[in-house]
Number of protein chains: 2
Amino acid sequence: MIFRQICSEKEGSLAYILGDPITREAVVIDVAETHLPAVEEFLRSRGLQLRLILVTHWNVSHEKAAETLRENWGARLAAHESVDAASVDMRIRDEDVLYFGEESLRVFHTPGRTPCALTYAWNDRLFTGETILVRGLHPKLRGQAKVRLLARLHALLERFPEETLLYPGAENQGRRLSSIEEFRRRSQLGTGGDSAGFLQRYSHLLPNKNVAKQGEKVRAEKNLHRYGPGKNVPASL
Amino acid sequence: MIFRQICSEKEGSLAYILGDPITREAVVIDVAETHLPAVEEFLRSRGLQLRLILVTHWNVSHEKAAETLRENWGARLAAHESVDAASVDMRIRDEDVLYFGEESLRVFHTPGRTPCALTYAWNDRLFTGETILVRGLHPKLRGQAKVRLLARLHALLERFPEETLLYPGAENQGRRLSSIEEFRRRSQLGTGGDSAGFLQRYSHLLPNKNVAKQGEKVRAEKNLHRYGPGKNVPASL
């Protein structure tokens with residue numbers, strides 16, 4: 001396992017390099033322009049071949065850095081299917097699996113701060129971008145969007161052990177990593193139950209009281225993106 | 001990799017279970033009496049065989065818990081060679097390697113809070129006990145002992161990537177893990193140079209100004225515990 005976290009000293013934004021020590025194939029997550037020199041230096045010094053450029057959310061700086069990386073390394077840019085920029089090579093969705101060398105990571109759609117927000121799972125760690133910061137959810141996220149995201153995360157995080165590491169997209173109060181256990185404790189998310197039950201329990205926080213009824217809808221839609229024959233086939237390089 | 005962190009709700013002390021998913025052999029670190037039910041429940045539920053009981057430092061609660069685990073699981077208790085309690089089965093020292101199943105961990109002697117303090121390295125993580133807490137060194141550690149430990153850690157941590165995770169022996173302000181990068185940043189430890197140079201640089205902090213000269217001694221003793229033919233052979237199960 002080759003792993004590097006790179007912090008932009010000025011903005012505190014965090015980028016990641018994930019590599020397969022056998023085949024030397026690598027992916028990067030959330031590289032902005034300020035990370036470029038450190039990222040390319042690391043890739044070169046370890047003899048890595050960049051295969052895939054991933055983003056947890058779409059913004060101008062990610063797009064510009066991706067252009068440079070595509071040109072220099074021949075890597076492909078992957079983003080959520082809701083992003084319609086022409087530079088995206090692969091449009092990915094919830095539960096996709098991406099392969100690089102003998103490693104793989106899984107894609108989860110976690111809309112909240114942005115409709116295209118993705119979380120990636122690799123080994124014992126999740127890359128959460130702006131979805132989960134070190135101190136919890138993004139402070140600007142409020143109301144219905146916040147409860148919906150909490151419900152989504154409640155169901156998603158159940159699938160991982162509580163020691164699973166959370167690597168955010170930005171430094172916060174000098175911290176650059178957290179764990180599911182800590183996030184649960186701080187956000188009082190609790191464990192057990194499904195997301196529909198969670199939504200009903202937290203519905204009093206919402207301006208629109210009818211959202212409790214939408215719990216039923218969540219329950220029905222839950223299996224929409226499961227794999228089936230000829231459906232949601234994992235994206236592969 | 002099987003990994004579990006267990007927190008005693010009352011005291012906030014942290015114990016760890018490390019397991020090999022292939023052979024189901026396991027070791028525990030710093031189990032106190034309050035952790036026992038959770039630890040044994042986890043070992044049983046995952047079908048693990050406890051091979052080795054490790055402690056980062058010696059105290060009564062660790063000793064009592066070890067007695068129970070030895071009896072119930074037939075595991076051996078390992079502690080630093082400076083501990084002369086009769087219940088210790090294996091006396092280990094700096095740079096020993098311990099094996100369980102197809103996994104291994106390395107032992108580092110990091111005296112400071114106690115003369116018998118050990119740090120264990122396993123995969124991408126260090127188990128630091130009371131040597132490095134989430135917010136830095138133990139607040140009760142001062143003066144010469146503190147500078148000596150800082151010098152030791154300065155040299156030791158150079159051997160690991162800065163993403164290496166630090167798992168402490170106690171929860172602190174709700175936090176249960178950190179990284180070498182964060183510890184370096186917070187303790188202004190810096191990188192580069194050897195421990196002798198470090199000791200000379202920080203000697204003004206010491207009551208005894210002659211310690212700067214002891215830097216030379218550190219340099220000379222540095223290779224004392226290296227492996228050689230028939231010397232410091234790794235302890236193996």
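First the proteins, then the strands, lettered A, B, ... as listed; each starts at 1. All figures in this text were calculated on a predicted structure; none of them were measured in a lab.
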Restricting to side-chain hydrogen bond (donor to acceptor under 3.5 Å, both in side chains), what partner residues turn up for B:E181, sequence neighbours left out?
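side-chain hydrogen bond (donor to acceptor under 3.5 Å, both in side chains) check on B:E181 returns A:R176, B:R185.
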Can you pull out the residues in residues 4-20 of chain B with any heavy atom less than 4.5 Å from chain A?
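Expected list: B:R4, B:Q5.
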Can you list the residues that meet the salt bridge (Lys or Arg N to Asp or Glu O under 4.0 Å) rule with B:R24, with sequence neighbours excluded?
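None.
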I'd like to know whether CZ of B:R142 has more than 12 heavy-atom contacts from other residues, nucleotides or ligands below 6.0 angstrom.
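Open.
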Spell out the residues in residues 122-135 of chain A that have some non-hydrogen atom less than 4.5 Å away from a non-hydrogen atom of chain B, in order of number; otherwise answer 'none'.
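Contacts with chain B: A:D124, A:R125.
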Could you give the distance from CG (B:L177) to CD (A:E163), rounded to the nearest 0.5 Å?
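Rounded to the nearest 0.5 Å, the CG-CD separation comes out at 10.5 Å.
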